[in-house]
Amino acid sequence: MDLALLRTFVTVHRAGSFTRAAALLGLSQPAVTSQIRTLERQLGRPLFLRQARGVTPTTIGDELAHKAAPHLDALVEITETGLDEESSSRTLHLAGPPEFTAERALPVLTELTGDDGRRLTLRTSFGTAEETLEGLAAGHHDLVISTARPRGALLTATALCDEEHVLVAAPHWAERLGATSFPCKETPRLENVPVVEVHESLPFVSRYWASVFDCRPTASGAVIVPDLRAVLACTVAGAGLAVLPRYLCVTALERGDIVALHDPAVPPLRTYFLVVRTGTLAMPHIARAHDWLLHAAADWC
């Protein structure tokens with residue numbers, strides 16, 4: 001059986017679409033369709049059911065993918081390891097949210113760019129979870145840090161770490177509210193308190209209120225800026241109240257530039273995932289960066 005046909009088959013199985021598989025393989029859609037039909041003729045059984053959007057594997061298709069995929073991934077690993085030894089560097093295309101990627105991931109991964117014979121070259125993109133996962137599925141990225149766990153067989157996600165969200169404000173706002181923290185069983189009223197957020201929908205404040213107070217906030221945004229680092233700067237400057245990841249504001253809290261307004265028994269958390277296209281961890285430079293981040297994340301929690 002032709003290994004090229006099997007590679008195309010496994011890619012279609014993981015992608016759930018001839019079109020997406022063609023983009024990943026660098027082939028035209030008719031070429032992918034022709035290869036799948038050839039394989040189906042050789043086996044004498046249909047491997048996929050064509051639907052309005054994409055394809056669904058038949059039972060035989062699932063069985064073949066289960067048997068073939070690990071061996072194809074192993075062959076990729078052998079090939080890529082050989083290439084890695086011949087090349088002085090490999091390029092990792094990383095994507096993720098700007099703040100976490102800049103503050104957490106990149107300082108760790110730059111340690112892999114040293115001249116140790118396996119030097120890694122980094123190319124980084126920022127974007128929302130939807131944007132970066134779509135880019136990963138299309139083959140534009142190698143590794144994505146995401147706050148959303150993708151569905152389907154094309155992408156594989158591994159939990160990286162949790163970030164704790166903290167309700168903070170400058171000290172004079174805490175004094176104006178009458179205390180340095182809100183009573184645990186009372187819902188704070190924010191009609192007269194300005195809010196600093198990343199979007200008009202107040203995603204961080206709304207998520208905090210729903211998790212901790214089981215209600216919706218009654219405030220509107222005073223400063224909207226699409227970067228949590230800018231939200232922190234505005235909060236330190238006294239623009240109002242904000243909900244921020246603890247890792248991002250811990251130094252400001254320690255210095256007293258801002259104070260935590262609430263200390264819930266169970267703080268709101270958000271999980272980050274490392275996401276790759278299924279099978280690509282066989283490539284040494286992707287596996288190395290993936291493992292390096294997982295190891296570093298043990299100290300972030």
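When ring centroids are compared, H262 and F213 come within the 6.0 Å threshold.
Put simply, CD on Q42 and CG on L47 are 10.5 Å apart, with the number rounded to the nearest 0.5 Å. Note: L112 CG to T121 OG1 = 11.0 Å, rounded to the nearest 0.5 Å.
Between the side chain of T235 and the main chain of V231, a donor-acceptor pair closer than 3.5 Å is present. T132 places a side-chain N or O within donor-acceptor distance of the main-chain N or O of A129, the cut-off being under 3.5 Å. Between the side chain of H141 and the main chain of L143, no donor-acceptor pair closer than 3.5 Å is present. The backbone N or O of Y208 lies less than 3.5 Å from no partner atom in the side chain of S211, so there is not a single donor-acceptor pair. Side chain of W292 to backbone of V108: a donor-acceptor contact under 3.5 angstrom is found. Judged by distance alone, the side chain of Q35 and the main-chain N or O of T8 form no donor-acceptor pair under 3.5 Å.
Within 6.0 Å of CD on E130 lie no more than 12 heavy atoms contributed by other residues, nucleotides or ligands. More than 12 heavy atoms of other residues, nucleotides or ligands sit less than 6.0 Å from atom CZ of R50. Heavy atoms of other residues, nucleotides or ligands lying less than 6.0 angstrom from CZ of R270 number more than 12.
Closest heavy-atom contact between P57 and H13: CB-CD2, 3.6 Å. Taking every heavy atom of both residues into account, S206 and P217 meet most closely at OG-CG, 3.8 Å. Across P245 and E163, no two heavy atoms sit closer than the pair CB-OE1, 3.5 Å. The shortest non-hydrogen separation linking R14 to T278 is NH1-O, 3.0 Å. Closest non-hydrogen pair, C161 versus A297, comes out as CB-CB, 4.2 Å.
Taking the six-membered ring where tryptophan is involved, the planes of H165 and F204 are tilted, since the angle between them lies from 30° to 60°.
Residues R277 and L136 meet the side-chain proximity criterion, which asks for heavy atoms closer than 4.5 Å. Side-chain contact between V198 and I224: absent, with no pair of heavy atoms (C-beta onward) separated by less than 4.5 Å. Under the 4.5 Å side-chain criterion, counting only non-hydrogen atoms from C-beta, L43 is in contact with L64. For the pair L92/I286, a side-chain contact is recorded, criterion being any heavy-atom separation below 4.5 Å from C-beta on. Side-chain contact between E131 and F126 is absent, with no heavy-atom pair separated by less than 4.5 Å.
With respect to R246 and E103, no salt bridge is recorded, no charged nitrogen being found less than 4.0 Å from a carboxylate O.
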Evaluate F100 against W300 for ring pair (Phe, Tyr, Trp, His ring centres under 6.0 Å), listing each step before the verdict. CA-CA 11 Å; F100 187 89; W300 298 343; 5.7 Å; yes

